[in-house]
Amino acid sequence: MSEVISYEVHGDVAVLRITNPPVNALSHAVRQGLSDAMGRAESEAKAVLIVGDGRTFIAGADITEFGKPPKDPWLPDLCNRIEASPLLVVASLHGAALGGGLEVALSAHYRTAVPTARVGLPEVHLGILPGAGGTQRLPRLTGAGAALDMITSGRHVGAAEALKLGILDHVEDGDPQSVGVAYAQTLVDQGAPRRPICDMPGPEPVDFDAVHADVLKKGRGQLSPATAVRAVQAASELPFLDGLRRERDLFNELMATDQRHGLIHAFFAERAVSKLPELKGVEPRPVAAMGVIGGGTMGAGIATAALLSGLTVTLLEMSEDAAKAARGRIEGNLSGALARGKLSQDQYDMLTGQALTLATDYTALKDADLVVEAVFEEMSVKKDVFGKLDGVCKPGAVLATNTSYLDVNEIAASTSRPQDVIGLHFFSPAHVMKLLEVVVADKTAPDVVATGFALGKAMRKIAVRAGVCDGFIGNRILSAYRACADHMILDGASPYQIDAALLEFGFAMGPFAVADLAGLDIGWAGRKRLAPTRDPRERVPDYPDRLCEAGHFGQKTGKGYYIYEAGKRGGVPNPEVMDLITAERAAKGITPREFSDQEIVRRYMAAMVNEAARVVGEGIARRPLDVDMTLIFGYGFPRYRGGPLKWADLTGLPELLKDIETYASTDAYFWQPAPLLQELVRDGRSFDDLNKGQPL
Ligand code: CAA
């Protein structure tokens, strides 16, 4: 009947089966096919069953069609048309029924599902809200509270919970089509009535203003969840059709926002980031046994992530005592997972028992398929470790360094097998943070790169390919925007104003709170390392060194930019910091000036975008989207802005370049425009053009 909808009649039931792989998204062809098939069923059957082919029912509207001119039939009209059918309409769910997929199911009169099915309205994560009646129909079934929770969080709800909430009428294991046909036939045989949700009363009101305020605060500036609250409110206050109109208006409002562009960019970039043309057809090396060297916070976190992804781990430490402490850290991490119900007691016992070995002798690593070192960040130490690994590891074992700055080529050259050496840069705490930079050195073999990506996938991380340079993608860009923040402090801003302005922009934390969390000694070591080769024109503040010299390393010592009290979340500004800054300005003859929050954000973002453009231009990141994913998943960049280079596109590259040129009038050394940015502005192109494969 249609390429994407097959039509069969079983007894009294017409079966409309959607076949639009991979996830049966509601493309125009699917909508048209469903609409036509409904018409045919109405002349041939007593009931209609809607079911999905393949791995899932329907994953939602076809996101690739967003922003294109709408084509009839629209999804909201299709849902209304299904609901208004004189036949009894049943949906049989398996896999995921998300977004428009759940909205189609809600326009059916009855819903059955297999026990593994999940339902949800995740539209807020795309910067929009359910736009095909979801905000009006769901609360009529579940009440306003449960609907607000599902719609504002976008969470997936399992079949058992969905049954309890009244979203499903029936749960039964088996083939979704057979279960669905039998269920629909039984309903027909019992003379069950049609049951359109639009005829049900609206939900009892809740304190919508309070929920709105709460959601807005939690979203750190993200608009879609709070806007969705107003749509659910309409379900409670307006007749169904007026509620639908209100939903549509709010939906259109969100469709027009930059946040929608940012979030949809993030959705596709997250999936594109691990797809590298050079890895097509390259098989990763098998990894079952992993070695980790160093059991500090980072090493223990990496070991925890490896255990949770099903690998066995041998962790090497320098002494029995250090090994014991490392085991304690890993057990601490895993007991967190146990307490949150992510692990059963049996799994915990297995992971901390047979799957984990602590050792103090390198020979324990002889059978490891992949070893990652997380030892002290010093080239001579790393070379020593890699020399030893070269001596004991089996041929073909992947040898990885977790360095965050050092030259992976130099580390690789200290072995007889540089083709097996790679950087795997985890972010602390490594069992929590999603980012993994896969750092590819000059001689790294393609199947070793593929192994890095396969490990990232097994650990459910976002793996990003990076080239070798000081800081790779993330830390290199961080150095630039952090330097810009330091310059603003010398010139008159305070760390607290900068942190506050960036929180307001949507960052999870400001740069100075981040520095306190990471440990001020890290930046101190970096400044010392780079001092001998530093260009004299570079402006580097001294006051953070004074803090470190006094033993203030941030959170771990209780004092840094902020003062931390035990048991309290966050810190309060440390007054000594402003004294140190004032003294440094005076010593350098700087008259401080006022900065507006807007200028702070503008300069900070210009520094970030400029360095990111250099990172892409030099091929350290393959595509702008690799930078965007790095900053979102490793550096607390607000996802709803799509990443720094998506933000740059949306803000306007010519305006950004102009800012940089203006700032250069007082510091031409720091504000040298990136050649790639100049090129894109000259040619009237965007970073996104590069993501789409337009050559540099
Ligand atoms: N539209 C278009 N393409 C989609 C899609 C959608 N709704 N959902 C997934 N895809 C694509 C992915 O981009 C991916 O494509 P590639 O293989 O080319 O990279 C492919 O389908 C497989 O997806 P995943 O890799 O994510 O597969 P998974 O098995 O890990 O996850 C899933 C499956 C849970 C369904 C996940 O894809 C997902 O969460 N999809 C999005 C769901 C969603 O947000 N739906 C709401 C859409 S908006 C809406 O419906 C608005 C409305 O009310 C009108």
Side-chain angles (χ1 to χ4, degrees), residues 4 18-31 34 52-68 70-71 73-80 82 93-107 116-138 147 150-151 153-158 224-225 227-228 231-232 244 247-255 259-261 263-277 280 453 456-458 460-463 625 629 639 691-693:
V4 289
I18 306 162
T19 308
N20 186 26
V23 292
N24 292 333
L26 289 156
S27 63
H28 175 251
V30 171
R31 300 195 305 274
L34 279 175
D53 192 42
R55 68 196 221 205
T56 214
F57 176 67
I58 302 172
D62 186 339
I63 306 171
T64 59
E65 287 183 0
F66 281 17
K68 295 182 185 161
K71 269 185 168 174
W74 274 25
L75 190 56
D77 294 342
L78 174 67
C79 288
N80 293 345
I82 292 171
L93 316 184
H94 73 292
L98 299 175
L102 180 55
E103 290 175 305
V104 167
L106 290 173
S107 56
T116 50
R118 292 166 296 145
V119 305
L121 292 173
E123 284 87 343
V124 293
H125 297 310
L126 300 172
I128 53 173
L129 52 76
T135 65
Q136 305 306 298
R137 291 192 178 94
L138 186 67
M150 274 180 70
I151 293 172
S153 71
R155 76 184 173 92
H156 296 187
V157 171
S224 49
T227 309
V232 176
L244 277 188
E247 176 191 85
R248 176 81 353 217
D249 289 346
L250 293 168
F251 178 88
N252 286 339
E253 230 173 67
L254 289 174
M255 277 300 265
Q259 293 197 3
R260 187 270 288 185
H261 287 284
L263 284 164
I264 288 181
H265 167 73
F267 177 87
F268 286 114
E270 193 175 331
R271 285 158 177 79
V273 74
S274 59
K275 288 184 186 140
L276 297 179
K280 227 175 174 184
F453 276 92
K457 190 170 178 199
R460 306 170 79 150
K461 296 201 181 296
I462 302 295
L625 67 85
M629 295 303 98
R639 184 182 172 97
N691 287 328
K692 293 184 184 123

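All ligand and atom numbering here is 1-based and tracks the order in the structure.
Between Ile63 and ligand 1, an N or O atom pair is found at a separation short of 3.5 Å. Close N/O approach between Glu103 and ligand 1 is found [any backbone or side-chain N/O within under 3.5 Å]. Any N or O atom pair closer than 3.5 Å counts here, and Ala61 shares at least one such pair with ligand 1. Residue Leu98 places no N or O, backbone or side chain, under 3.5 Å from any N or O of ligand 1. Polar contact with ligand 1: absent for Arg118 (N/O pair, distance under 3.5 Å). Ligand 1 has no nitrogen or oxygen under 3.5 angstrom from a nitrogen or oxygen of Gly99.
Side-chain contact between Leu254 and Leu129: present, with at least one pair of heavy atoms (C-beta onward) separated by less than 4.5 Å. In this structure, Glu123 and Ile128 have side chains that are in contact, with non-hydrogen atoms separated by less than 4.5 Å. A heavy-atom distance below 4.5 Å is not found between the side chains of Thr135 and Leu121.
Assignment of Val23 to the shell around ligand 1 is supported, since a heavy atom sits closer than 4.0 Å. Using a 4.0 Å heavy-atom cutoff, Gly134 is absent from the residues neighbouring ligand 1. Judged by the shortest distance from any of its heavy atoms, His125 lies outside the 4.0 Å radius around the atoms of ligand 1. Heavy atoms of Arg55 approach ligand 1 to within less than 4.0 angstrom.
Put simply, atom 1 (N) of ligand 1 has protein non-hydrogen atoms near it, under 4.0 Å away. At a distance under 4.0 Å, a protein heavy atom can be found next to atom 22 (C) of ligand 1.
If you number the atoms of ligand 1 from 1 as listed, the ones under 4.0 Å from a heavy atom of Pro122 come out as 43 (C), 44 (O), 45 (N). For ligand 1 and Gly60, the ligand atoms under 4.0 Å from any heavy atom of the residue are 50 (O). Taking every heavy atom of Gly131 and a limit of under 4.0 angstrom, the matching atoms of ligand 1 come to 52 (C), 53 (O).
Given atom 35 (C) of ligand 1, the protein heavy atom at minimum distance is Ala59 CB, 3.5 Å.
Residue Gly131 comes nearest to Glu103 through the heavy atom pair N-OE2, 3.4 Å, listed as atom of the first residue, atom of the second, then distance. Shortest non-hydrogen contact noted between Gln259 and Ser224 is OE1-N, 4.4 Å.
Nearest-residue assignment for atom 48 (S) of ligand 1 (options Val124, Leu126, Leu263; heavy-atom criterion): Leu126. When Phe251, Trp74, Phe57, Phe267 are checked for heavy-atom proximity to atom 41 (C) of ligand 1, Phe267 turns out nearest. Nearest-heavy-atom check against atom 3 (N) of ligand 1 across Leu102, Asp62, Val104, Leu75 picks out Asp62. Here the shortest heavy-atom distance to atom 17 (O) of ligand 1, taken over Arg271, Met255, Lys275, belongs to Lys275.
The only option from Lys71, Arg31, His28 that meets the side chain to side chain donor-acceptor pair (under 3.5 Å) definition with Glu65 turns out to be Arg31.
Atom NE2 of His261 and atom CZ of Phe66 lie 11.5 Å apart (nearest 0.5 Å). Here the CZ-CG distance, from Phe57 to Asn24, works out to 8.5 Å after rounding to the nearest 0.5 Å.
Looking only at distances, no side-chain donor or acceptor of Asp62 sits under 3.5 Å from a matching main-chain atom of Ala25. Although no hydrogens or angles enter the test, the distance criterion places a donor-acceptor pair under 3.5 Å between the side chain of Asn691 and the main chain of Leu625. Within the 3.5 Å criterion, the main-chain N or O of Ala97 finds no donor-acceptor partner in the side chain of His156.
For the pair Arg271 and Phe268, the cation-pi criterion (under 6.0 Å, within 45° of the ring axis) is not fulfilled.
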